[in-house]
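Presented below is the structure to which this report refers.
Here is the naming used below: chain letters follow the sequence lines, and residue numbers restart at 1 for every chain. Atoms considered below: every heavy atom in the structure, side chains included; atoms not considered: hydrogens, waters and symmetry mates.
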Protein chains: 2
Amino acid sequence: MTLSMVEIAKRAGVSVATVSRVMNKKGGYGKATGEKVEAIIKEAGYQKNEMASGLKRKFTRSIGVIIPNVVTNYFGLIVEGIEEEARKNGYSILLAHSGNGGEHFEHALATLTERRVSGLIFVSVQTTDDDYDLVKQSTTPHIFISSDSDTQDFSKIKIDDYQAALEATRYLIGKGHKKIGLVGLNPTDKVAGEPRIKGYRRAFEEANLQLDEKWIISGDFGVETAEKGVEISLDQIDTTALFCASDEAAIGAMKACRKKGLNVPEDISIMGFDDSTTAKLCYPELTTVHQPLFEMGSQSVFKIIQAIETNDVIESDIVPFDIIERESVVSLT
Amino acid sequence: MTLSMVEIAKRAGVSVATVSRVMNKKGGYGKATGEKVEAIIKEAGYQKNEMASGLKRKFTRSIGVIIPNVVTNYFGLIVEGIEEEARKNGYSILLAHSGNGGEHFEHALATLTERRVSGLIFVSVQTTDDDYDLVKQSTTPHIFISSDSDTQDFSKIKIDDYQAALEATRYLIGKGHKKIGLVGLNPTDKVAGEPRIKGYRRAFEEANLQLDEKWIISGDFGVETAEKGVEISLDQIDTTALFCASDEAAIGAMKACRKKGLNVPEDISIMGFDDSTTAKLCYPELTTVHQPLFEMGSQSVFKIIQAIETNDVIESDIVPFDIIERESVVSLT
DNA sequence: CTGAAAGCGCTTACAG
DNA sequence: CTGAAAGCGCTTACAG
């Protein structure tokens with residue numbers, strides 16, 4: 001299994017140079033030679049040592065992905081897209097978790113850099129300025145998915161969070177809701193927090209509706225904080241709908257509502273965000289804002305590979321979102 | 001960023017051998033030398049090329065994991081465990097999907113082998129005999145998580161599926177259920193199908209209860225097949241509880257029950273399996289069989305690393321399961 | 001304590 | 001069409 005090219009060369013009665021050429025289908029060798037070498041390779045079950053090849057060629061045909069975790073469905077879907085596109089192109093993927101607070105980011109980046117990955121994808125990174133500086137020093141092509149790259153000059157792929165929140169809130173208003181909570185967002189988060197809050201506010205302005213600051217129940221996109229936040233706030237507000245930062249936050253909100261004896265959607269409507277797989281697992285199924293997660297993953301590796309091959313700079317992409325109507329929002333009109 | 005050891009050596013006025021020694025803290029160099037070299041390394045932001053190091057040492061400090069997908073929460077949790085333990089030990093993880101039907105298994109294995117990973121973890125692989133033969137030829141330490149390794153002589157880590165199904169069914173019987181469906185299992189699946197059906201049957205025998213073959217509604221662990229299966233069967237059976245193959249299957253079953261106007265758990269009890277994160281996302285929250293997914297992941301890399309270091313053969317582990325009571329099962333007594 | 005040198009397994013000009 | 005040789009960036013006996 002772990003025999004080397006010289007062994008193959010010996011068995012085939014040719015030089016290693018020739019073996020290398022046929023392995024890589026480089027041409028420049030006779031038909032008979034090619035066939036003989038291929039037969040030996042197959043018979044021996046020989047597999048090229050990519051480490052050695054990569055060292056020589058200074059190219060590892062691998063992509064590193066740094067992601068907070070992989071158990072959140074949101075991230076899982078992105079990784080699916082990354083993996084599929086990478087596989088189709090013969091790239092390997094190295095996975096490293098940055099941790100939910102970004103606490104392992106530096107370590108993750110170092111590991112991947114030491115491995116000399118050919119490209120780097122950052123997913124929802126929670127990066128400090130130091131981290132950004134580190135990334136800026138990197139000469140390997142990289143792209144950010146759903147990360148704060150607005151304030152920073154990085155290539156990115158994401159939806160327009162402002163517009164998405166605006167349209168989602170409009171949608172709810174269109175259904176006759178006038179008192180709408182905003183649940184689970186971190187207001188200081190540049191990626192999704194700030195712009196979505198703006199979009200949400202804008203929708204009220206447009207509609208000439210009054211907005212009560214108490215309706216904004218911040219959190220961290222997760223179920224627990226959303227649940228807690230809603231539970232506490234529900235006594236002081238009388239919203240008829242809750243627009244949540246993620247499908248998980250929506251589930252947290254639903255749990256809290258139920259504890260208070262409110263039925264979803266009869267007594268209160270709940271809207272999610274992401275359209276991750278959890279949106280269809282819960283009950284009622286979530287009306288939510290669809291993000292093309294899988295495609296964002298595959299697009300990002302597509303772009304990286306292109307950048308590797310052409311040496312061009314990676315163009316950013318704002319991808320389309322969509323409102324998916326399911327069961328958790330009711331019309332008041 | 002991409003400077004090499006010779007450059008560092010030059011700047012520090014020493015040989016590359018010395019630089020190598022201090023990078024690896026091998027000792028055998030003077031204090032002053034060490035400090036000087038370290039300073040230069042830091043200043044230059046030098047990072048060792050792991051490809052070159054690995055080539056020379058014939059050891060890549062990396063673990064390959066082959067997994068059907070990563071978006072199923074079940075798998076996500078396992079990968080979390082793998083990633084954390086790998087990180088703690090300075091190992092990188094290479095991720096490759098085998099596809100839900102195992103269609104990419106061979107490709108995945110080849111990629112990882114070419115990369116000369118130091119260890120290999122197979123998660124829930126759906127392998128053909130050919131695949132097993134391939135694995136058998138591999139000289140790199142490997143372990144199977146929740147895979148069919150009973151008929152095959154491989155190291156593995158999993159729960160006792162027979163016992164788990166037996167105790168879960170006992171639990172339901174203990175709650176007064178006498179007519180219990182078994183949903184979403186593939187009866188020909190050696191890993192979970194066969195043994196769990198046996199355990200389920202055994203529980204009825206023990207309790208001197210009659211079992212109706214129509215109660216066995218097979219599937220593929222997913223929500224769709226479970227939903228469909230239950231929907232079709234529900235008219236012909238009058239079970240008071242459904243024991244499902246996974247938490248996803250449980251959700252499928254719940255959907256089907258609701259369509260028929262049955263409330264969970266008031267009209268029918270539903271029990272899941274796995275205790276993946278979805279078990280707490282759905283409503284009502286699932287009473288389910290807990291598998292220590294995260295731990296299974298971390299244990300597997302622990303064992304692999306040990307095997308790498310000691311060269312010992314990897315011992316299999318049967319890990320404990322647990323019945324977690326939540327809201328989806330009601331007592332009839 | 002330190003360096004020169006060989007070698008890990010490949011690839012790729014360069015000759016022929 | 002094919003081979004000898006250099007070299008990718010490290011590590012590690014072997015001398016000293």
Straight-line distance of B/R116 CZ to A/K48 NZ, nearest 0.5 Å: 10.5 Å
Separation of D/dT2 C1' from A/I8 CD1 (nearest whole Å): 18 Å
Whole angstrom value for the distance that separates C1' of C/dC10 from CG of A/L55: 8 Å
Touch class at under 4.0 angstrom, heavy-atom based, for B/V6 against every strand present: nothing
Heavy-atom donor-acceptor pair, B/R57 side-chain to C/dG7 base, under 3.5 Å: no
Short side-chain N/O contact to C/dC10 OP1/OP2 from A/S53, under 4.0 Å: no
Which residue lies more 5' along DNA chain D, comparing B/N24 with A/A17 via nearest heavy atoms: A/A17
Passing candidate, ring-ring contact (aromatic ring centres under 6.0 Å, His included) with B/F122, options B/F154, B/F144, B/F75: B/F144
Complementary nucleotide of C/dA13, counting Watson-Crick and G-U pairs under 3.5 Å: none
Sugar-phosphate, base or nothing in reach of A/G28, heavy atoms under 4.0 Å: base
Distance, rounded to the nearest Å, where B/R21 contributes CZ and C/dG3 contributes C1': 7 Å
Salt-bridge criterion met for A/K42 and A/E38 (N-O under 4.0 Å): no
Nucleotide paired to C/dA4 in any strand shown, Watson-Crick or G-U, under 3.5 Å: none
No-H, no-angle donor-acceptor pair, B/R116 side chain to C/dG9 base, under 3.5 Å: no
Whole-Å gap separating C1' (D/dC8) and NZ (A/K58): 6 Å
Side-chain heavy-atom pair A/Q299, A/I145 within 4.5 angstrom cut-off: no
